[in-house]
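Have a look at the structure below before the remarks.
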Amino acid sequence: MTQEERQLPGPPGRGASDAVRRLRREAAEIRAAVRAAPRRTVVAESLVCALAAAFGLIPLLLIPPDRPVLAVLEALWAALLVAARRGRPVAAVLGAFPLLMGANVWVLAVVPLIVLSATRRIAPPRRAWRIVGVACAALGGLTVATGLFRWETLPVKLAENAVSAVLLLLLPTLAGTMLGRRRPLVDLLRERNAYLEQTRALTAAAARMEERTRIAREMHDLLGHRLSLISVHAGALELAAARQAPPLAGQVELLRTTAGTAMEELREILGVLRHTDLSDETGGDRGTYDDITALVTQSRQTGGGSVELVWSVPDTVEVGARVRQAIHRVVREGLTNVLKHASGAPTLVEVKGTDAGIEVYVANGVPRVPGDSQGGTSSGLAGLQERISLLGGTFGAGALPDGGFRVTAWLPSQPFRPSHTTNGPVPASAPSPSPLEADAASFSHAPGPPSGDGDTWRPGSNPPLSAQTLTWPRVLGAGCTAVLVVLPTAGFLIVLLVMAALG
């Protein structure tokens with residue numbers, strides 16, 4: 001195409017068709033933006049536009065203006081600018097200045113809000129100032145053009161519109177650009193906060209993992225070596241007892257199998273320490289009916305006393321792996337304490353399934369032959385209480401009125417976020433006590449589901465920093481300069497509206 005062809009005017013009607021095409025494209029873009037916006041945003045914007053239109057139209061019913069049609073059109077135009085301030089901020093600012101010279105004084109309250117919200121979204125700030133400068137220049141030119149036929153009122157009109165431009169255009173622009181500069185800074189602070197919080201969490205996790213690995217290494221080097229020696233010597237002792245003391249062969253075999261079981265449990269504990277969490281596959285056979293039966297049988301063979309097991313957990317109850325392991329630990333610790341401090345005493349082990357969770361009881365009576373118990377440090381009971389509280393359960397242990405001892409625990413079927421509340425009262429739906437438990441009515445540490453009144457424990461001591469330092473009240477408080485800038489505008493609007501209402 002030559003230069004002459006480019007300079008030739010287009011066919012008639014081509015400019016009108018281009019304008020129609022642009023309008024259609026703009027309408028399609030607006031529809032696509034509305035569909036892509038969240039429903040909450042669309043509803044909120046619709047309400048804001050409706051309020052702006054109502055604020056410009058309802059006062060006209062009470063105080064009829066001189067030019068009602070023009071006043072209604074100005075109110076609808078203001079509502080349209082409210083809707084355009086988000087997607088088309090430049091057009092919203094340029095379209096707001098004619099309202100300063102209109103016949104509807106009530107729409108002046110909407111103008112500074114449109115300008116402030118639109119200039120926040122125009123970047124960089126100097127572009128916003130250029131656009132507002134163009135709007136002020138156009139306002140001055142329009143004022144001069146309308147006052148050509150009334151020169152005597154032109155200076156007054158210029159002064160009035162100059163004050164309106166300063167208070168309704170320039171000051172809202174100053175506040176909007178301030179808030180616009182603050183917006184990316186707040187976003188940057190939020191990102192930095194999130195990065196620092198993530199770094200802190202990763203550092204703490206790495207430190208915990210390193211400490212757990214060190215503990216696992218020490219346990220493997222010390223306890224593993226000792227348990228291996230015990231197992232080897234127990235095997236040799238079993239062979240010797242089979243030849244020289246056959247009645248003791250069963251006890252020696254139990255000693256060897258116990259040492260082997262201890263080695264397996266040590267390996268499981270080392271696996272737990274070397275990993276971040278306890279997998280469901282670790283010790284999956286613990287806490288089942290067969291496992292508890294084996295513990296009771298082993299205790300009966302070792303202590304020589306009567307140990308009774310009552311298992312009433314329905315097969316339909318799904319119990320998590322960690323809860324099953326806790327059941328195993330409670331029963332094992334209770335039976336171990338009976339062997340250490342009340343060997344030969346009648347013992348009852350009861351595991352019950354309820355609607356709320358699992359209840360475990362290990363209670364023993366007075367031993368038939370008083371033994372020489374050396375007491376203990378209660379470290380096993382303290383460890384049980386900590387383990388069960390972390391699972392969201394309750395734990396209790398104490399002496400019975402008849403001289404026996406009882407260990408009780410309540411566990412949820414599935415572990416949940418733990419609570420500080422422990423040793424709560426017995427739930428109203430708890431089953432009737434067993435014979436050995438009837439004497440313990442005054443025992444104050446019976447298990448029960450958590451009451452929910454205690455504070456919920458959460459990992460970490462503080463919530464994320466972004467929730468503490470970057471809340472909206474703090475952001476708006478930091479932007480008090482912008483608020484002070486808007487105050488003269490608010491005062492000017494109040495004066496104008498009061499004068500319009502009185503006039």
Side-chain angles (χ1 to χ4, degrees), residues 19-20 22-31 33-34 37 41-122 128 131-147 157 160-173 176 489-490 492-493 496-497 499-501:
V20 172
R22 291 193 191 95
L23 290 176
R24 289 178 179 175
R25 184 167 56 251
E26 186 72 18
E29 291 178 359
I30 292 174
R31 285 195 299 269
V34 170
T41 302
V42 174
V43 172
E45 289 297 311
S46 301
L47 289 177
V48 171
C49 294
L51 289 175
F55 193 83
L57 293 174
I58 292 178
L60 301 181
L61 301 176
L62 304 176
I63 307 175
D66 296 335
R67 291 173 288 181
V69 176
L70 183 58
V72 171
L73 292 178
E74 289 176 2
L76 298 178
W77 179 250
L80 182 62
L81 292 179
V82 169
R85 79 193 192 283
R86 294 173 64 93
R88 301 291 186 272
V90 175
V93 174
L94 294 178
F97 79 88
L99 298 176
L100 302 182
M101 298 182 58
N104 192 344
V105 70
W106 302 99
V107 298
L108 294 180
V110 183
V111 172
L113 300 179
I114 295 173
V115 174
L116 188 148
S117 181
T119 52
R120 281 183 58 191
R121 295 172 170 83
I122 300 176
I131 294 169
V132 173
V134 171
C136 292
L139 177 64
L142 186 61
T143 303
V144 173
T146 56
K157 287 290 184 182
E160 291 178 353
N161 290 340
V163 173
S164 299
V166 171
L167 294 176
L168 302 182
L169 293 179
L170 296 180
L171 288 182
T173 301
T489 301
F492 178 68
L493 287 173
L496 283 181
L497 297 180
M499 291 177 61

* **Any Val144 side-chain heavy atom under 4.5 Å of Lys157 side chain** => no
* Asked: Could you state the interatomic distance from CG (Leu80) to CD1 (Ile114), rounded to the nearest 0.5 Å?
  -> 9.0 Å
* Asked: Less than 4.5 Å apart, any side-chain heavy atom of Arg85 and any of Val82?
  -> yes
* **Donor-acceptor under 3.5 Å (Trp77 side chain, Gly95 main chain)** => yes
* **Check: Leu116 main-chain N/O paired with Arg120 side-chain donor or acceptor under 3.5 Å** => no
* How many angstroms lie between CG in Leu99 and OG in Ser164, if you round to the nearest 0.5 Å? -> 12.0 Å
* Nearest 0.5 Å please: distance from the CG atom of Leu100 over to the CD atom of Glu160. => 12.0 Å
* Structure fact -> Residues Phe55 and Ala109: closest non-hydrogen pair is CE2-CB, 3.6 Å
* When rounded to the nearest 0.5 angstrom, what is the spacing between CH2 in Trp106 and CD1 in Ile63? -> 4.5 Å
* To do: First locate atom CG of Asn161, then atom CG of Leu142, and finally report the distance between them rounded to the nearest 0.5 Å.
  => 8.5 Å
* Asked: Looking only at heavy atoms, what is the nearest atom pair of Ala118 and Pro89, with distance?
  -> O-CB, 3.4 Å
* To do: Considering non-hydrogen atoms only, spot the tightest contact between Ala83 and Cys49 and give its length.
  => CB-SG, 3.5 Å
* Report the distance from atom CD of Glu74 to atom CG of Leu81, rounding to the nearest 0.5 Å. => 11.0 Å
* Going by heavy atoms in the side chains, are Cys136 and Leu169 under 4.5 Å from each other? -> yes
* For the residue pair Asn104 and Leu70, establish whether any side-chain heavy-atom pair is separated by less than 4.5 Å. => no
* Would you say the side-chain atoms of Thr143 pair up with the backbone N or O of Leu139, donor to acceptor, closer than 3.5 Å? -> yes
* Minimum-distance pair of heavy atoms, taken over all atoms of Ala79 and Ala52 -> CA-CB, 4.4 Å
